[in-house]
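Note that these values count all heavy atoms, side chains included, but never hydrogens, waters or copies made by symmetry.
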Amino acid sequence: MKQFFSHKTPVFAGEDVLTHLQEKFNSYRRIFLLADFRTLRKCLPLVEALVGEETECHTLVIQEGERFKNMNTCMLLWKQLQQLHAHREDLLVNIGGGVVCDIGAFVGSTFKRGMPFIQVPTSLMAMADAAIGGKSGVDLEMVKNQIGIFSSPEAIYIYPPFLETLDPRQVLNGSAEIIKHALIHDADLWKKIKKENTVPSTEEYIYRSAELKAGVIEADFKETGLRRILNFGHTIGHAIETYSLKHDNHPLLHGEALAMGIICESWLSMHLNNLSSDAFNEIKDYIFRFYTKYNLPPSSLNELLALMKHDKKNIDDRFNISLLTDIGSCSFDNYCQEDDLVTALNVYYDLKGR
């Protein structure tokens, strides 16, 4: 079993973590297991089997997907916890992907001013990124993560066999964050990823990605400086994800929108931050090897700009964006104009992809 820390939170990873998780359960009289309908079928039974007969256990279930990462879902869970007489000596266990981990952390941290919770990520996205970091948030009117807090779980348990439940699209979804972590903070990891004939999704990549994020968070937990590099690709990526949620019958997943944001913000890095054209082309070509180009209509530009204005990093009317200086190196607090963002989106629109 591998162990490291994310801002004092122990992270346990490996195929033998379930024994440790079972020991954790034995120290609580009551446990609440939170899952969505996907993990309810495929992952929850394995975790539920770890709960001892003397421990009272309740299961809470939410709808799956970003559309349900909102205050309505939180209100439903708070009411259920209240009706079940949950209190601050009980344990909330979040079993699922990024949405479950985000909502569960927010609900647990705010119910009765905070009950202990742990994260059991079941998706590649959650294992490599979303469950790590001590931030929780929900969307407000489909604008990403507008309501949230900094809060740390008791522990995080990464059990790689859960990845066997994922379809190829979910693997692509999570791999985008691993790619981003390499681009902002580990040139050697990027070189290794680039040589592969598939996207990074093995245990080795998961652990390295999680450790990279944990290291950044250790240096800047409250996101006052360095942690902002983790937002590379997200200023544009989040806007596109929200746009797709509003307009598409089958909306983009977070990682698919992030892949597009990475290309756009790599172009901005070349245009504004001295990233070489060779590096931009290298990033663009790799992304298009695996991620299908999203046909963003030119008529969407005004709506996308309006969404980007909600970005938490912005100051006054200035767009604050994290940009690469080189592959493996990223700077934060770069300010750009609307015209820069529009040009980046138009560049993406004109590129030839899959």
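- The shortest non-hydrogen separation linking G148 to F106 is CA-CE1, 3.9 Å.
- Classification of E218 and K213 as a salt-bridged pair fails, no side-chain N sitting under 4.0 Å from a carboxylate O.
- Applying the side chain to side chain donor-acceptor pair (under 3.5 Å) test between D90 and each of H85, H58, R30 identifies R30 as the sole match.
- Residues H254 and H234 place their aromatic rings such that the two centres sit under 6.0 Å apart.
- No donor-acceptor contact under 3.5 angstrom links the side chains of N320 and N334, judged on distance only.
- K135 has a carboxylate O that lies under 4.0 Å from a charged side-chain N of E223, or vice versa, which qualifies the two as a salt bridge.
- There is no side-chain donor-acceptor pair under 3.5 Å between S277 and N281.
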Checklist entry - Checking side chain to side chain contact (heavy atoms under 4.5 Å, CB included) for the pair H238/L258: CA distance, chi angles, key distance, verdict? => result CA-CA 7 Å; H238 271 167; L258 173 58; over 6 Å; no
Could you tabulate the donor-acceptor pairs under 3.5 Å formed by side-chain atoms of residues 38-49, not counting sequence neighbours?
from : atom 1 : to   : atom 2 : distance (Å)
R38  : NH2    : E64  : OE2    : 3.2
T39  : OG1    : D36  : N      : 3.1
T39  : OG1    : D36  : O      : 3.3
T39  : OG1    : D36  : OD1    : 3.0
T39  : OG1    : I95  : O      : 3.1
R41  : NH1    : F37  : O      : 3.0
K42  : NZ     : T165 : O      : 3.4

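- Remark: K24 is not positioned above the aromatic ring of Y157, lacking an NZ or CZ atom under 6.0 angstrom from the ring centre and at most 45 degrees off the axis.
- Remark: the T343 side chain and the W267 side chain contain no N/O donor-acceptor pair separated by less than 3.5 Å.
- Residue Q337 comes nearest to F319 through the heavy atom pair C-CD1, 4.4 Å, listed as atom of the first residue, atom of the second, then distance.
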